[in-house]
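Presented below is the structure to which this report refers.
Naming convention: chains lettered A, B, ... in sequence-line order (proteins, then strands); numbering from 1 in each chain.
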Protein chains: 2
Amino acid sequence: MYGAVVEKTPARLTAKPSWLITQLAVHAHRLASDGFGEMGARGYHYRVLVALEQFGVASQAELGRRCNMDRSDIVATINELAGQGLVERTPDPDDRRRNLVTITTAGERHLRRLEQTLDRVQEDLLAPLTSEDRQTLTHLLTQLLAHHQRG
Amino acid sequence: MYGAVVEKTPARLTAKPSWLITQLAVHAHRLASDGFGEMGARGYHYRVLVALEQFGVASQAELGRRCNMDRSDIVATINELAGQGLVERTPDPDDRRRNLVTITTAGERHLRRLEQTLDRVQEDLLAPLTSEDRQTLTHLLTQLLAHHQRG
DNA sequence: CAACCAATGTTGGAGTCACCAACGAAAGGA
DNA sequence: TCCTTTCGTTGGTGACTCCAACATTGGTTG
């Protein structure tokens, strides 16, 4: 009984924060994708809906900046969301370059369901941590992210 | 002077650990990819080389388990590494299903350079944190990752 | 006003990473 | 011997990130 020899991944890897972060991101992404996928959505959809619900009508370029998404990816996302009747895209009368994107009531309803799914994901993701540890982790990550979004 | 109106991303997003982790992973990945890219490598190459150097000769399936990679992605990676003379692939005489993959001295040299690049990445990534905070973060992330790789 | 520059939406692509289904060959256990 | 598992391989898919180019429009400056 030597115990199952679960193949060990190199310590050189597991010691590196970049490894820990990216691998954990894989799990986070999988959890979220599974949940979103069940309702025909994906991460991009959620991001845009949240931004719309939080700040109201916005141009596509604004949405891109707020959600950390490329303009071209916004186009595709809005196409999909509009196709499902979750947002509406109308030309801005004050600036004919822009489109104004609004969330519909169906979109808000959809967002609420996505939100619930994502809350469960957070729970799963942080399951082994005490609430104090979760707070510490969130604080450290926030610090790091803030630093990298400016510099 | 209202200050630059840097478009704010929704608090609903920035409060979620899954958002923080995945966005930070984006930065980590970008930093690492930039460094690796300058020497014609990518993450998969590094992972495999580290595993080989740490545990010696291994079959492709073993490498996949150690590096958290799909068997099919191992094939492509070994093809590329072998094409550059960084690893060698030879059939296992004791098990004719397997290939034995060995790192070459050129591979070890290449790995050392990748390692240096990645060390700089860790520095960049964690720049704003004290060494104590870094330790805390590493500990928390390790806990989480361990949990999600079993369950 | 004219010339220039910046922003916007859009198209069409790229690369990385993760993952899946299927296959033949080979090994191992019942 | 059958049955199952493992292995390497091929050939995909999807999500996310990012880039280059273009025409249209807005704003600014000479």
Please list, chain by chain and in numerical order, all residues satisfying salt bridge (Lys or Arg N to Asp or Glu O under 4.0 Å) with B/Arg71, sequence neighbours excluded.
-> none
Excluding sequence neighbours, so at least two apart, what forms side chain to side chain donor-acceptor pair (under 3.5 Å) with A/Arg65?
-> B/Glu7
Output every pair passing side chain to side chain donor-acceptor pair (under 3.5 Å) with a member in residues 135-146 of chain B, not counting sequence neighbours, ordered by first then second residue.
-> none
B/Ile78 CD1 to D/dT10 C1', in whole Å, measures 17 Å
May I ask you to decide whether B/Glu80 forms a salt bridge with B/Arg42, counting only side-chain N to carboxylate O separations under 4.0 Å?
-> yes
Rest of the hydrophobic cluster containing A/Leu100 (Ile/Leu/Val/Met/Phe/Trp/Tyr, side-chain heavy atoms under 4.5 Å)?
-> A/Val57
Give every donor-acceptor pair under 3.5 Å between a side-chain atom in residues 24-38 of chain A and any protein atom, sequence neighbours left out.
{"unit_1": "A/His27", "atom_1": "ND1", "unit_2": "A/Arg30", "atom_2": "NH2", "d": "3.0"}
{"unit_1": "A/Ser33", "atom_1": "OG", "unit_2": "A/His29", "atom_2": "O", "d": "3.0"}

Which letters describe nucleotides 6-18 of chain C, given B = protein heavy atom under 4.0 Å from base, S = only from sugar-phosphate, - = neither?
-> -BBBBBB---SSB
Rounded to the nearest angstrom, tell me the gap between atom CZ in A/Arg96 and atom P in D/dA23.
-> 18 Å
Listed partners of A/Glu123 passing salt bridge (Lys or Arg N to Asp or Glu O under 4.0 Å), at least two apart = A/Arg134
Would you please name every residue forming a side chain to side chain donor-acceptor pair (under 3.5 Å) with B/Glu115, sequence neighbours left out?
-> A/Arg12, A/Lys16, B/Tyr46
Nearest-angstrom distance from the residue atom NE2 of B/His27 to C1' of D/dC18 | 14 Å
Bend of the helix from C/dC1-D/dG30 to C/dA30-D/dT1 from end-axis comparison, five pairs per end, nearest 10°, comes to 20°
